[in-house]
Every structure is written in C-alpha cells, then in structure tokens.
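Only heavy atoms go into these numbers, but all of them, side chains included; no hydrogens, no water, no symmetry mates.
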Amino acid sequence: MRAIFIRDGNIFTTGFTRMSQRELGLWDPTNFEEPIALLELDTSNGVLLPYYDADANMVYLCGKGDSSIRYFEVTEEPPYVHYLNTFSSKEPQRGMGFMPKRGVDVTKCEIARLYKLLDKKCEPITMTVPRKSDLFQDDLYPDTAGSDPAMEPEEWLDGRDEDPILISMREGYMPAKSRELKVARKNVLDRPTTRRSMSTLDTNSLPPQLLERLLEEIQNLKATVLSQEKRICDLENKLSQYTNGTA
C-alpha cells in the first residue's frame with residue numbers, strides 16, 4: 001500500500017497479508033524475491049502511513065482510523081527493523097502530517113513533530129528525548145537537509161543527481177538563561193564590638209610588644225580571609241558546573 005526509500009537505498013513498505021493482517025517489510029531493490037525483514041503487526045483495515053526520519057533512521061507508522069503511532073528503528077543488524085515504542089491517544093486520527101527536521105525545537109530535545117488530523121481540529125504531537133543537560137545534543141541532531149536546493153530542475157531533467165545541502169541544527173539552539181547563584185559571604189572580621197577600631201587608636205600609646213602582636217594577628221586574619229574567599233569561589237564554580245550539566 002505504501003513504499004518509501006530509506007537512506008541506505010533499501011525500500012520500506014507497509015501493506016497487508018493474505019489474511020488481512022497489516023505488515024511492514026524491508027526490501028533490497030536489487031532483489032525482490034525475498035524481503036530483508038517482514039513483520040506482521042495486527043488485524044485492521046486502516047492503511048499504515050510511514051513517515052521516515054533520515055537523520056535518526058526511524059520510521060513512524062500512523063494508521064488511518066487508529067489512535068496510536070508506532071515507531072521503529074532501521075539498522076544493519078538483524079532483525080533490521082526494531083520496534084521502539086507506541087504513542088497512544090484517545091481519539092482516532094483521520095490523517096497525519098510530519099514536520100521537517102529543521103522545524104523541531106532543539107532546546108527541548110524534540111526529535112519529531114507530527115500533526116494529527118481529527119474531526120474538528122489538528123493536534124500537534126511532539127516526540128522528545130529526556131536529557132538532563134541544557135546543552136546542545138549533537139548525537140540527536142546531526143546535520144540535516146536544508147531548504148536550499150542542491151540543483152535546478154533543468155539539471156535534474158538532464159539526469160544529474162546531487163546529495164541535499166545539509167545545515168547544522170546548532171544555529172536554532174538558544175541556551176537557557178543561567179541561574180544566578182547568590183552566596184552571602186560573611187567576613188570573619190565583621191564581629192560586633194563596642195571598642196574603637198584600630199584606625200582611631202593611638203598606636204604611640206601601645207607597648208611595642210602588644211603592637212607587634214596585634215599586627216601579626218591582623219596579617220593572619222587577612223590570610224584566613226583570602227583562603228576562605230578562594231575556597232568559596234572554587235565551590236561556586238563546581239556548583240555552577242553541576243547546575244549547567246557540564247560536570
């Protein structure tokens with residue numbers, strides 16, 4: 001009933017068996033005697049509409065009149081067509097549309113967006129991959145086909161063949177605003193006291209030994225403050241890395 005080419009040159013088909021069971025198949029275009037893979041699904045009269053994601057090598061199957069969407073991954077290892085999961089909803093779909101890959105939201109790790117046609121509305125369905133990190137996911141978004149044509153119609157009519165012009169999905173990534181980490185730094189020198197500060201004391205009236213000891217204590221306190229500030233900065237940097245998901 002339906003046939004699509006996948007990126008390795010094979011053909012992915014959906015149809016029915018002689019017992020009216022819905023099935024999908026993977027075929028080598030150079031040899032149609034035996035399929036590479038053949039999988040029976042269920043019994044229904046709704047035609048399975050395949051939508052192919054060439055970047056992830058995944059096929060989404062949407063049956064007309066069904067309320068579920070099955071998706072599979074096509075690989076080079078047996079059984080070649082691997083079942084992944086099923087998305088189910090309450091209302092059956094009358095039709096389905098597929099958003100081009102360059103239209104998905106990369107900031108939310110969205111890998112596919114389908115538009116489910118109902119009786120009185122069109123409902124978007126998003127497929128996302130949960131990730132803890134807010135960074136751009138290179139493994140989910142390889143370079144994809146852009147909107148610029150690789151050649152003119154006349155060149156194609158003359159028999160010329162070109163691969164599509166690929167674009168990076170990173171340009172559509174907008175990093176999330178980093179949360180500001182506010183830490184109240186308490187100065188060890190800020191102690192409540194009713195005595196006068198050293199600046200108001202008459203240092204000439206102090207004994208030399210006491211003055212030398214006070215100066216030594218001040219130097220030790222300054223060294224303590226500097227070491228504490230360095231430790232706090234290191235802890236802030238580590239906490240910021242864990243918050244941004246880079247550690």
Side-chain angles (χ1 to χ4, degrees), residues 1-87 92-104 110-117 125 127 129 139-153 155-167 169:
M1 301 297 295
R2 294 290 188 274
I4 56 174
F5 282 95
I6 60 178
R7 68 186 185 189
D8 57 3
N10 292 329
I11 301 176
F12 186 93
T13 62
T14 60
F16 297 89
T17 66
R18 294 182 179 180
M19 302 300 294
S20 297
Q21 287 186 312
R22 295 193 295 189
E23 68 175 0
L24 55 88
L26 186 65
W27 303 81
D28 183 355
T30 62
N31 182 15
F32 286 107
E33 294 182 0
E34 291 291 335
I36 300 176
L38 200 62
L39 179 62
E40 295 181 0
L41 297 180
D42 54 16
T43 302
S44 177
N45 58 358
V47 177
L48 289 172
L49 306 175
Y51 295 92
Y52 179 60
D53 181 1
D55 298 335
N57 212 18
M58 291 175 55
V59 179
Y60 298 84
L61 295 183
C62 312
K64 189 174 182 181
D66 294 352
S67 58
S68 61
I69 302 173
R70 301 179 179 92
Y71 38 104
F72 301 79
E73 182 182 9
V74 182
T75 64
E76 297 179 355
E77 298 83 17
Y80 303 105
V81 180
H82 302 264
Y83 169 76
L84 296 178
N85 208 339
T86 300
F87 171 84
Q93 57 245 14
R94 300 177 62 88
M96 192 71 66
F98 195 79
M99 167 73 76
K101 197 60 173 289
R102 60 181 181 272
V104 300
E110 182 184 11
I111 61 172
R113 187 185 307 171
L114 297 94
Y115 291 93
K116 179 178 179 180
L117 179 62
I125 298 174
M127 303 290 181
V129 177
D139 58 329
L140 296 181
Y141 303 106
D143 291 348
T144 187
S147 58
D148 295 330
M151 56 184 173
E152 298 297 330
E155 297 174 338
W156 181 79
L157 291 174
D158 293 338
R160 181 179 172 184
D161 192 12
E162 293 288 345
D163 293 331
I165 299 176
L166 303 180
I167 61 173
M169 299 285 288

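Contacts of Tyr80 classified as ring pair (Phe, Tyr, Trp, His ring centres under 6.0 Å), with partners at least two apart in sequence or in another chain: none.
Remark: Phe98 CZ to Tyr52 OH distance equals 11.0 Å, nearest 0.5 Å. To the nearest 0.5 Å, atoms CG (Asp161) and CE (Met151) are separated by 5.5 Å. Within the model, atoms CD1 of Ile6 and CG of Leu26 stand 5.0 Å from one another, a figure rounded to the nearest 0.5 Å.
A tilted orientation is assigned to the rings of Tyr60 and Tyr71, their planes being inclined by 30° to 60°.
Counting non-hydrogen atoms of other residues, nucleotides and ligands closer than 6.0 Å to CG of Asp139 gives a total above 12. Heavy-atom contacts from other residues, nucleotides or ligands closer than 6.0 Å to CG of Asn31 number more than 12.
Residues Val74 and Arg7 are not in side-chain contact: their nearest non-hydrogen atoms beyond the backbone lie 4.5 Å or more apart. Side-chain contact between Ile167 and Thr144: present, with at least one pair of heavy atoms (C-beta onward) separated by less than 4.5 Å.
Under a 3.5 Å cut-off, the side chain of Asp55 and the backbone N or O of Pro142 do not form any donor-acceptor pair. Side chain of Arg160 to main chain of Glu155: no donor-acceptor pair is present (N/O by atom type, distance under 3.5 Å, no hydrogens or angles). With Thr14 contributing its side chain and Leu48 its backbone, the two residues share a donor-acceptor pair below 3.5 Å. Remark: the backbone N or O of Gly46 is paired with a side-chain donor or acceptor of Arg22 at under 3.5 angstrom. In this structure, Gln93 contributes its side chain and Gly63 its backbone to a donor-acceptor pair below 3.5 Å.
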Taking it one step at a time, do Asp66 and Ser68 satisfy side chain to side chain donor-acceptor pair (under 3.5 Å)?
CA-CA 6 Å; Asp66 294 352; Ser68 61; 4.9 Å; no
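What you find for Cys62 and Leu114 is that their closest heavy atoms are SG-CD2, 3.8 Å. Counting all heavy atoms, side chain and backbone alike, Leu38 lies closest to Gly25 at CD1-CA, 3.9 Å. Of all heavy-atom pairs between Leu61 and Leu24, the closest is CD1-CD2, 3.4 Å.
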